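Following: one structure in structure tokens, then a few remarks.
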Protein chains: 2
Amino acid sequence: MGVSIDDVAAQAHVSTATVSRALRGLPRVSEATRAKVLSVAAELGYVPSPSASGLATGRTRTMGVLVPFVDRWYFGHAIEGIDQVLRENGYNLLLFSLGGYVHGQKRSFTESMVRKQIDALLVLSLGLSEEELRQLHHTEIPLLSVGGPVVGCSGVYIDDGAAATAAMDHLLGLGHRRIGHLSGGVQDERNFKVPALRTLAYRTAMERAGLEVRPDWIAAGDFTVAEGVRAAVQIFDAPGELPTALFCGSDEMALGAMFEAQRRGIRIPEELSVVGIDDHDFSAPAGLTTIAQKPWHHGRAAATMLLAELAGATGATRDTLMPFELVVRHSTAPPPG
Amino acid sequence: MGVSIDDVAAQAHVSTATVSRALRGLPRVSEATRAKVLSVAAELGYVPSPSASGLATGRTRTMGVLVPFVDRWYFGHAIEGIDQVLRENGYNLLLFSLGGYVHGQKRSFTESMVRKQIDALLVLSLGLSEEELRQLHHTEIPLLSVGGPVVGCSGVYIDDGAAATAAMDHLLGLGHRRIGHLSGGVQDERNFKVPALRTLAYRTAMERAGLEVRPDWIAAGDFTVAEGVRAAVQIFDAPGELPTALFCGSDEMALGAMFEAQRRGIRIPEELSVVGIDDHDFSAPAGLTTIAQKPWHHGRAAATMLLAELAGATGATRDTLMPFELVVRHSTAPPPG
DNA sequence: CTGTTAGCGCTTTCAC
DNA sequence: GTGAAAGCGCTAACAG
């Protein structure tokens, strides 16, 4: 059925070894033979078998990408960036999604899924357990994280503390003093520290400004709109005065808070300022002020580094901080009064 | 470095063939030997080489998934569903994203990316060109589309015409007579008919109700929020009276229209009703009335069928219509007056 | 129930 | 510059 390298060799009247060299652009092949081989291969519609060359070389030209979800803003865009550079370099992208099972027994990622199957692994914003990390390092394939720090391997991400601080400084600069917070990452996310970093920056900024951190002005979500609504409800329903501003751990949560505020007739930004982190696709249309980051670029940068490492550039994968930027839109203004 | 089947065979004092049978759960192996092999394999940390077995069997236990984007609602969720059933069945998911290059020369999907690499291909809501379709069918691997009809292969999707009609009937039932439309798919999407089907249903419903289809009440977008805003602006800015309702080709566009309406002080649903299709994650929080579909289920269903087909159940992949449902929330009401 | 023996299709020394 | 031949690790007859 499939035409093999032998067919090409026969047709071109050369050995399989020569066909192999010619097709891969290796030296030690005369231009005449190379041309001949190329034309015969094209004519026959020859496509090399990845399994065969994988077996022979030990490399699969496939990169694994491990994600907690594919249907969430950050991951979708990061994967898109990764896919693009992989494609440009003739690499395949093997996707492993935990589908939300960030922890627990339903979580099904194991070393065996990866062994002898991929040349390197990109881990997206994921807290790997000690055991998983151990297994992964044991496979000895290059590893790189994207979207947040992961112990034991380098990563590509923004300085979450600084980003959150920039958001807080914006609010503080506007004159807000009663600032609430929708935090991300409800529970134990193991080694994944992003939500905690952002929340820590909130507390630090408040204290630095000499402001009180009121527990009833902090609510936890999981980075989604739905949870943003839930967290906002919790804060809005709390007895006592409301904050004049909300710093949200993600744009989705910020948007959720905006929806809930609108539902209650709380005017934004007149009565309440809202700022998020991400610059989600919905943020510009909704007029949300945010700290923008570009997961697509993160993916590209990470994949590029990993490819360089595979190409032999030892040390090509290093921790690298990506830029972020405050984008002021219409959800923030000085506090009322 | 890697421990091979021979190592296991040696340690277990059996032949490689026996190890192979034992590990794959084939018959004709005594329980005693099977147990022995299993324990030795575990002890040695043996993991079979996909390349080797792929070479030997001609099957890779990998399914390809071709998508126009991974960072869009429908696709992200569909991929999640696909990934899950693949994982449950020991299959790998090789992702091919066109990254938005739905057409044009930057589009890089070719037969060679697929040949000898995957056992089957899932094509997500994508209009393949005649040439691509020809190449794909030429590879003779099972094909199945998800999210919309693709000529030449079966598919899993909702009846878009009926879904759009349900949305229109809701509006009509509420008493609306001036209904505008945000259509999807701006330009030539080749063989991808979903946007056109929805728009056709709009026209048909209008005519059936004896209502005028006004060109200035129809604006085209590309299914995204940003385009929804743009299209809404176009309609809102048109001279003459405004429609009292908007039927949008996707929830993202509907949400964009809602943002724009809010910006202009057009009250929803008092002055304007908006209905979409999808039940996007943002729809419930935003209170958008919509026709809900479940891409995650579509993905699961499609992957399951393809796997069955691969397992030998000829004809397992057939056209199958998935359910949809009107979800009434707070963006629709009877027209003013 | 188990072992032997060919490959699967490609890469890679090592000769020539 | 080119060819011969030995694998890479596993599966699949075919014997026994």
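Quick caveat, the model's predicted, so the values are computed rather than measured. All chains are named by letter (A, B, ...) in the order of the sequence lines, taking the proteins before the strands, and each is independently numbered beginning at 1.
Distance B:Leu23 CG to D:dC10 P: 9 Å, rounded to the nearest Å. The distance between atom CZ of A:Arg115 and atom C1' of D:dG9, rounded to the nearest whole Å, is 14 Å. In this structure, the CG atom of A:Asp6 is 13 Å from the P atom of D:dG3, given to the nearest Å. Whole-Å rounding puts the A:Arg59 CZ to C:dC10 C1' distance at 16 Å.
Within the 4.5 Å cutoff, the side chain of A:Asn92 has no heavy atoms near those of the A:Arg61 side chain. Counting heavy atoms from C-beta outward, A:Ile158 and A:His298 have side chains that approach closer than 4.5 Å. Two residues are said to be in side-chain contact when any heavy atoms from C-beta on lie closer than 4.5 Å; B:Ile82 and B:Leu124 meet this criterion.
As judged by a 4.0 angstrom heavy-atom cut-off over every strand, B:Val14 is placed among residues touching the sugar-phosphate backbone only.
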Checklist entry - Can B:Glu80 and B:Arg300 be said to form a salt bridge (charged side-chain N to carboxylate O under 4.0 Å, His left out), step by step? => result CA-CA 8 Å; B:Glu80 201 72 90; B:Arg300 282 203 65 100; over 6 Å; no
Item to check | Test log, rule side-chain contact (heavy atoms from CB on, under 4.5 Å), inputs A:Val67 and A:Phe96 | outcome: CA-CA 6 Å; A:Val67 300; A:Phe96 300 94; over 6 Å; no
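Along DNA chain C, the nucleotide closest to B:Leu55 and the one closest to B:Ser15 are compared, and the more 5′ of them pairs with B:Ser15.
Taking side-chain N and O atoms only, A:Ser51 has no distance below 4.0 Å to OP1 or OP2 of C:dC8. The side chain of B:Thr18 contributes no N or O atom lying less than 4.0 Å from OP1 or OP2 of C:dC1.
Within a 6.0 Å radius of NE2 in B:His137, more than 12 heavy atoms belonging to other residues, nucleotides or ligands are found.
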Checklist entry - What string of B, S and - do you get for nucleotides 11-16 of chain D, 5' to 3', if B is base contact, S is sugar-phosphate-only contact and - is no contact with any protein heavy atom under 4.0 Å? => result SBB---
